[in-house]
Number of protein chains: 2
Amino acid sequence: MDHTSPSARVNRDPAMTDVARLAGVSHQTVSRVLNEHPNVREQTRLRVRAAIEQLGYRPNRAARTLATGKSQLLGVVAQNSTLYGPSSLLAAFELAAAARGFVVSVRRVRVLDRSSIAAAVEHHREQRAAGIVVIAPTGAADEALAEVPTDVPVVAVDGDPERDAPLVTVDQEAGARLATRHLLDAGHATVWHVSGPADWFDAAGRLRGWQQTLEEAGAEVPPVGQADWSAASGYRAGLMLARMPEVTAVFAANDHLALGILRAMSERGRSVPGDVSVVGFDDVPEAAYFIPPLTTVRPDFDTVATEALAVLLAGISGEEPGSGRRVITPTLVERASVGPPPIGGGRSG
Amino acid sequence: MDHTSPSARVNRDPAMTDVARLAGVSHQTVSRVLNEHPNVREQTRLRVRAAIEQLGYRPNRAARTLATGKSQLLGVVAQNSTLYGPSSLLAAFELAAAARGFVVSVRRVRVLDRSSIAAAVEHHREQRAAGIVVIAPTGAADEALAEVPTDVPVVAVDGDPERDAPLVTVDQEAGARLATRHLLDAGHATVWHVSGPADWFDAAGRLRGWQQTLEEAGAEVPPVGQADWSAASGYRAGLMLARMPEVTAVFAANDHLALGILRAMSERGRSVPGDVSVVGFDDVPEAAYFIPPLTTVRPDFDTVATEALAVLLAGISGEEPGSGRRVITPTLVERASVGPPPIGGGRSG
DNA sequence: CATGAACGAGTGAGCGCTAACATCCAGGGG
DNA sequence: CCCCTGGATGTTAGCGCTCACTCGTTCATG
């Protein structure tokens, strides 16, 4: 900073006092205009606005944050992935937040472990973020969250549905039920499941929903194929499934797994949906163009994002923390990958 | 703010002066320790660090920004999409920036028009962002960029390769050449192209590279199928292509288009790569699990992101603006969707 | 033993804004 | 005709930090 030479300030951005001088008012009146304070005469308001326009003045957010102790900043902690769900969520959240005048700062973590999450949250607290969203799809992430001081609103997305804390998530169980029910209704004796990573809540929820539906229907619960979320692991699981003639219906934990399964079936000469029916989860934009078009479960990420923002905003404006819990119910999108079981492969009833 | 009651300050976050008091030094010494200034005695440094630890002190970024006039904030303007390329880029950039101690603030725009981009950039300038990245894949976005005042480093990603301004992008032409060449080398008389949206630089570059390669090889340049980036439009284009027996090789402007084409071919009973060979662009994670596995061009988004950050950092540390231009060359990933043309469908040579 | 770098540390001002309080002025009731 | 009320505006202090400068020691040098 140069405090000796006034000419050094010549090229700096105009500040509130500059506007005030030009408009012939005090800087405080400028502040009042900017913050839409009621007690300003219309004529004064106009003069100030004109001066702002003329100078190209832009308020300095850092100064405002310093003075108020509050920022207009929302922090997001996300993992470093391009998985469809998290990406969509993030984009939707950023858009929604921008519409409400908030800045969104994203911190990616390479792995979803306790210390990474904690560090990322700490980073946002250092920025004096007004609220923090953590995409916490695994137990470790969620545990880290439990330790965060409560002086700033925090909401988990895709977090542990059991934990009593602000949370917005998709009703994985309901989605899985929809999928499983749909396959059962098509006449299949039972439904096989290729699951996502065991430590993901999403995967666990889908597994649970599938299993419960089967049990309720009195259907046999076949062993579960473990996979990560990738098409590669779906393919591997699909290869196993393809050589078992009793497999006529598969519920994949997401669309990419389903894609891998579809390819495995195709390679092994088992037709979908002729021999095997497949249902996915996520409704990625390409799902309608898989071979065959994939029947899948669609979670509404826009709603998840909007609700997460709403929970945060409620927390910011001083409402009781811990109260915000929203669970979004997904819907089934029927396409061409489901059909009746082949003759002899269906259930008796 | 409460200036009357000192007890009102009891619960506020500890500030530098609190640390200073506890360590028995001045606030300035604390500042020196924090900023790793050399002229601090080791013993003093330790005492300060201990005090920081004890109080759980975290520096207030807003105050620092206000005092220095510089933030550690990097702004990103991106469109509201979950397209694979932009998403990957964004994630990679966020990770790289975090590693260098920067905060990344993302502003999504619904449409890539001039005023939206300008507003988003302005928003970041209001935050006193130290640098701004604009993912500007269309002409309109790029034009908006040209109007941005130059008092803050701005780098375009995926922008107009012709414009003389800081830019990091993938060498689309080179990638398209790789793809086209590969198909020609497999023996195809010519290669058909399904292009992305005409106003995208990426699409234009891929088109150019394809056309040039064909011309250089003395091959006929067939009419171009126009599409957006979606599997849906790839499917529509594929349907057309499938009914033309002379089509034996297709270069799709991205993998999702290729997916749509694959399905169209499959539906129409044309085998890939038996009857028709297909090459995509992007190497989405699922490409290896398409039916058949897709040969495609892989741009290295990590490198693009890292380079973009480097250009910004150079600009921030006061180097000549306008100098940063990096063009990343993609590579070809060979899989199973390319083969020789069917008998009678290849070129004479 | 005088001299002055070089180092370690402190002081004071100011970054641009908002909150609280102070002030001014017009108009209505006693 | 004075006082009170309340709207419009100004004044002041301070948010937490960094910068430029100052001050006091130490220690090598002649």
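Not measured: the values here are computed from a predicted model. Lettering follows sequence order; numbering is per chain, from 1.
Between A:Glu42 atom CD and D:dG7 atom C1' the separation is 15 Å, expressed in whole Å. The CZ-P distance, from A:Arg58 to C:dG16, rounds to 12 Å in whole Å. Rounded to whole Å, atom P of C:dA19 lies 7 Å from atom CG of A:Asn35. If you take CG of B:Asn60 and P of C:dG16, they are 17 Å apart, rounded to a whole angstrom. Straight-line distance from the CZ atom of A:Arg64 to the P atom of D:dG16: 18 Å, rounded to whole Å. Whole-Å rounding puts the A:Met16 CE to C:dG14 C1' distance at 17 Å. With rounding to whole Å, A:His37 atom NE2 is found 9 Å from D:dA8 atom P. As rounded to whole Å, 16 Å separates atom P of C:dG16 from atom CD1 of A:Ile52.
Under a 3.5 Å cut-off, the side chain of B:Thr44 and the backbone N or O of B:Val40 do not form any donor-acceptor pair. B:Arg110 places no side-chain N or O within donor-acceptor distance of the main-chain N or O of B:Asn80, the cut-off being under 3.5 Å. Checked by atom type and distance alone, the side chain of A:Arg128 pairs as donor or acceptor with a backbone atom of A:Glu126 at under 3.5 Å. Judged purely by atom type and a 3.5 angstrom limit, A:Asn35 has no side-chain atom pairing as donor or acceptor with the backbone of A:His37. A:His123 places no side-chain N or O within 3.5 Å of a backbone atom of B:Ala98 that could act as its donor or acceptor partner. Listed for the A:Arg325 side chain is no donor-acceptor partner under 3.5 Å among the backbone atoms of A:Pro166.
Axis angle between the ends of the helix from C:dC1-D:dG30 to C:dG30-D:dC1, five pairs each and rounded to 10 degrees, works out to 50°.
For A:Asp158, there are no salt bridge (Lys or Arg N to Asp or Glu O under 4.0 Å) partners at least two apart in sequence or on another chain. Judged as a salt bridge (Lys or Arg N to Asp or Glu O under 4.0 Å), and not counting sequence neighbours, the contacts of B:Arg21 are B:Asp18.
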Which side-chain N or O atoms in residues 134-145 of chain A pair as donor and acceptor under 3.5 Å with protein atoms at least two apart or in another chain?
unit_1, atom_1, unit_2, atom_2, d
A:Thr138, OG1, A:Ala141, N, 3.4
A:Asp142, OD1, A:Asp160, N, 3.1
A:Asp142, OD2, A:Arg163, NE, 2.4
A:Glu143, OE1, A:Arg114, NH1, 2.5

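In the set C:dG10, C:dC15, C:dT18, C:dC15 carries the atom at the smallest distance from any side-chain atom of B:Ala67. When distances are taken from the side chain of A:Ser31 to each of C:dT18, C:dG16, D:dT18, the shortest belongs to C:dT18.
Within the structure, every side-chain polar atom (N or O) of A:Thr29 is placed at least 4.0 Å from both OP1 and OP2 of D:dA8.
As judged by a 4.0 angstrom heavy-atom cut-off over every strand, A:Arg61 is placed among residues making no nucleic acid contact.
Taken residue by residue, residues 20-28 of chain B places heavy atoms nearer than 4.0 Å to DNA chain C at B:Val25, B:Ser26, B:His27, B:Gln28.
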List every contact pair, protein side and nucleotides 5-8 of chain C side both N or O, where the distance is under 3.5 Å.
unit_1, atom_1, unit_2, atom_2, d
C:dG8, OP2, B:Asn39, OD1, 3.0

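Counting heavy atoms from C-beta outward, A:Ile132 and A:Val154 have side chains that approach closer than 4.5 Å.
For the pair B:Arg128 and B:Arg47, both in contact range of DNA chain C, the more 5′-proximal nearest nucleotide belongs to B:Arg47.
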Discussion item. Set out, in order, the CA-CA distance, both residues' side-chain angles and the distance that settles side chain to side chain contact (heavy atoms under 4.5 Å, CB included) for B:Arg326 and B:Val311, then state yes or no.
Written reply: CA-CA 9 Å; B:Arg326 321 277 168 103; B:Val311 169; 3.9 Å; yes
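Of the charged side-chain nitrogens involved, none lies within less than 4.0 Å of a carboxylate oxygen, so that A:Glu94 and B:Arg107 do not count as a salt-bridged pair.
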